[in-house]
Amino acid sequence: MKFITFFRNETLHLGVKVGEVILDITSASMASEKLPGTVERLIGGGEKSLQLVKEFLNEEVEEGHHNYTVHRDDINWGPAIPHPPKIICVGMNYRRHADELRAAYPEVPILFNKFHNAITSHRENIEIPAVTERLDYEAELGIVIGKKAKNVSKENALNYVFGYCTVNDLSARDLQMRTPQWLLGKTYDKFCPVGPYLVTKDEVPNPNDLEIKSVVNGEVRQHSNTSDMIFDCKEIISYVSHYMSLEPGDLILTGTPEGVVLGYPEEEQVFLQDGDEVSVEIEKLGRLTNRFIVEKS
């Protein structure tokens, strides 16, 4: 299933995509308390919540989607994961990305984090901060954890996944490289657009065989496959779980492929500018699009 969040009367609603329409799960949950009305309840409820949603969908399909339909054109999108308890990122995790930066392949995953202020949604305008002149895009596969994971094995790691999503790990390169710690360049407001969908893991049998790309103003910049990861999804989950407990709703960003601005020859580097539109697209997960504007003084 493909879940979304959207705003209705300034309240964040949970929806599920059925064909070309969205069904409003939050509104339906007001009539049936069994249904999860939020992303947090959906993920926390695990298989039981998903089964309740499936039963609801079957009823709505039989009735022709009349009761809780929202059309895509009317959607005011919210983040696919609005309130992740943790946002854990993996750096330098694609072979050809490391190659373009002339960097050695890491021996263990390079971890850093973003904070909640960075979360934003599909179609949201993102301000280019006045504090940077080198804002870069990074197409990334996001893993959403479905249940508590501690010291899990690689073999069992994907059993702890709820689903996957498309993410743009925006990076202010001048701030990122100012010190050995990358945080400053990674977690400015709205530097982590997520969406449009949260796709359940049953629709993604192999997360390490997905086409991934980014497009800037219609020009393809990144075009790769998640099979180029140095550490695959199960390795990342297992590794992180040995150093911190993973909780339902945690979001893991798994790294970006080659083609970022930083990887271009210096004389060809043109970082994001006012009016640029960036789309990140991952096979099975959908296309995440944002427009960039100059920060208001």
Side-chain angles (χ1 to χ4, degrees), residues 1-5 14-19 22-23 25 35-36 38-58 78-90 93 109 119 122 139-167 169 192 194-212 225-229 231-241 245-255 280-288:
M1 286 183 281
K2 290 182 171 66
F3 291 95
I4 75 162
T5 69
L14 173 66
V16 61
K17 184 176 183 292
V18 181
I22 305 296
L23 295 185
I25 301 296
L35 279 172
T38 66
V39 172
E40 292 75 23
R41 287 185 59 194
L42 173 71
I43 296 173
E47 291 298 327
K48 182 178 179 180
S49 287
L50 289 175
Q51 183 58 39
L52 289 170
V53 173
K54 289 176 184 177
E55 292 171 2
F56 164 74
L57 293 183
N58 289 336
I81 304 296
H83 306 291
K86 292 190 287 294
I87 307 169
I88 302 165
C89 310
V90 184
N93 193 36
I119 292 289
H122 173 59
E140 305 215 7
L141 170 67
I143 302 171
V144 179
I145 298 299
K147 55 185 177 181
K148 186 173 182 177
K150 180 67 175 175
N151 294 328
V152 302
S153 67
K154 296 176 185 177
E155 293 74 20
N156 292 327
L158 296 185
N159 294 331
Y160 292 83
V161 173
F162 179 86
Y164 303 92
C165 55
T166 303
V167 185
D169 173 19
C192 191
V194 182
Y197 307 113
L198 167 57
V199 181
T200 51
K201 65 181 179 182
D202 59 297
E203 295 198 13
V204 188
N206 182 3
N208 281 102
D209 186 18
L210 299 174
E211 183 181 15
I212 179 171
N225 191 286
T226 56
S227 60
D228 191 45
M229 286 184 189
F231 305 101
D232 66 19
C233 293
K234 64 180 182 293
E235 291 177 292
I236 292 168
I237 295 167
S238 175
Y239 180 81
V240 174
S241 79
S245 296
L246 291 169
E247 305 290 344
D250 280 350
L251 175 62
I252 301 176
L253 279 56
T254 54
V280 175
E281 186 170 0
I282 301 179
E283 181 183 355
K284 301 181 186 297
L285 303 183
R287 186 180 180 99
L288 167 70

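Residues take their numbers from the sequence shown, with the count starting at 1. Every heavy atom of this structure was used, including side-chain atoms; hydrogens, water molecules and symmetry mates were not.
One N or O on the side chain of E140 and one on the backbone of G255 form a donor-acceptor pair closer than 3.5 Å. In terms of modelled atom types and a separation under 3.5 Å, the side chain of E55 and the main chain of L52 share no donor-acceptor contact. When atom types are taken as modelled, the side chain of T5 and the backbone of P79 share a donor-acceptor pair closer than 3.5 angstrom. Although no hydrogens or angles enter the test, the distance criterion places a donor-acceptor pair under 3.5 Å between the side chain of K201 and the main chain of V161. Side-chain N or O atoms of S241 include none that pairs as donor or acceptor with a backbone N or O of A149 at under 3.5 Å. Under the 3.5 Å distance criterion, the side-chain polar atoms of K86 are matched with a main-chain donor or acceptor of S245. At distances below 3.5 Å, not a single donor-acceptor pair connects side-chain atoms of E283 with backbone N or O atoms of L210. Looking only at distances, no side-chain donor or acceptor of S227 sits under 3.5 Å from a matching main-chain atom of N208.
Residues I282 and I212 approach most closely at CG1-CG1, 3.8 Å, considering heavy atoms. Of all non-hydrogen atoms in A80 and G195, the two that sit nearest each other are CB-CA, 3.8 Å. Here the closest non-hydrogen pair linking I4 and P196 is CG2-O, 3.7 Å. Annotation for K2 and K284: closest pair CE-O, 3.6 Å, computed over non-hydrogen atoms. Closest heavy-atom contact between M1 and L50: CE-CD2, 3.6 Å. Nearest heavy atom pair, residue C192 against residue L253, reads SG-CD2, 4.2 Å.
Heavy-atom contacts from other residues, nucleotides or ligands closer than 6.0 Å to NZ of K150 number more than 12.
Counting heavy atoms from C-beta outward, V152 and Y160 have side chains that approach closer than 4.5 Å. Looking at heavy atoms from C-beta onward, V204 lies in side-chain contact with L285 at the 4.5 angstrom threshold. Looking only at side-chain heavy atoms (C-beta outward), L288 and V194 stay at 4.5 Å or farther from each other. Residues I145 and I252 meet the side-chain proximity criterion, which asks for heavy atoms closer than 4.5 Å. Looking only at side-chain heavy atoms (C-beta outward), P207 and L158 come within less than 4.5 Å of each other. When side chains are defined from C-beta on, V90 does not count as touching M229, because their heavy atoms never get closer than 4.5 Å. Using a 4.5 Å heavy-atom cutoff, the side chains of Y164 and T254 are not in contact. The shortest side-chain heavy-atom distance between V240 and D250 does not fall under the 4.5 Å cut-off.
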Item to check | F3/I43 under side-chain contact (heavy atoms from CB on, under 4.5 Å): CA gap, chis, key distance, verdict | outcome: CA-CA 11 Å; F3 291 95; I43 296 173; over 6 Å; no
Next on the checklist: For I81 and I119: C-alpha separation, side-chain torsions, deciding distance, then whether side-chain contact (heavy atoms from CB on, under 4.5 Å) applies.
Outcome noted: CA-CA 8 Å; I81 304 296; I119 292 289; 5.7 Å; no
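One finds the CD atom of E155 at 8.0 Å from the NZ atom of K234 (value rounded to the nearest 0.5 Å). D232 CG to S238 OG: the interatomic distance, rounded to the nearest 0.5 Å, is 10.0 Å. Note that CG of L198 and CG of L42 are 7.0 Å apart. Values are rounded to the nearest 0.5 Å. Between atom CG of residue D169 and atom CG of residue L141 there is a gap of 12.5 Å, rounded to the nearest 0.5 Å. Between D202 atom CG and E47 atom CD the span is 8.0 Å, to the nearest 0.5 Å. Taking OH of Y239 as the start and CD1 of I88 as the end, the distance is 11.5 Å to the nearest 0.5 Å.
Only one option out of K17, R287, E203, H122 pairs with Y197 in a side-chain contact (heavy atoms from CB on, under 4.5 Å); it is K17.
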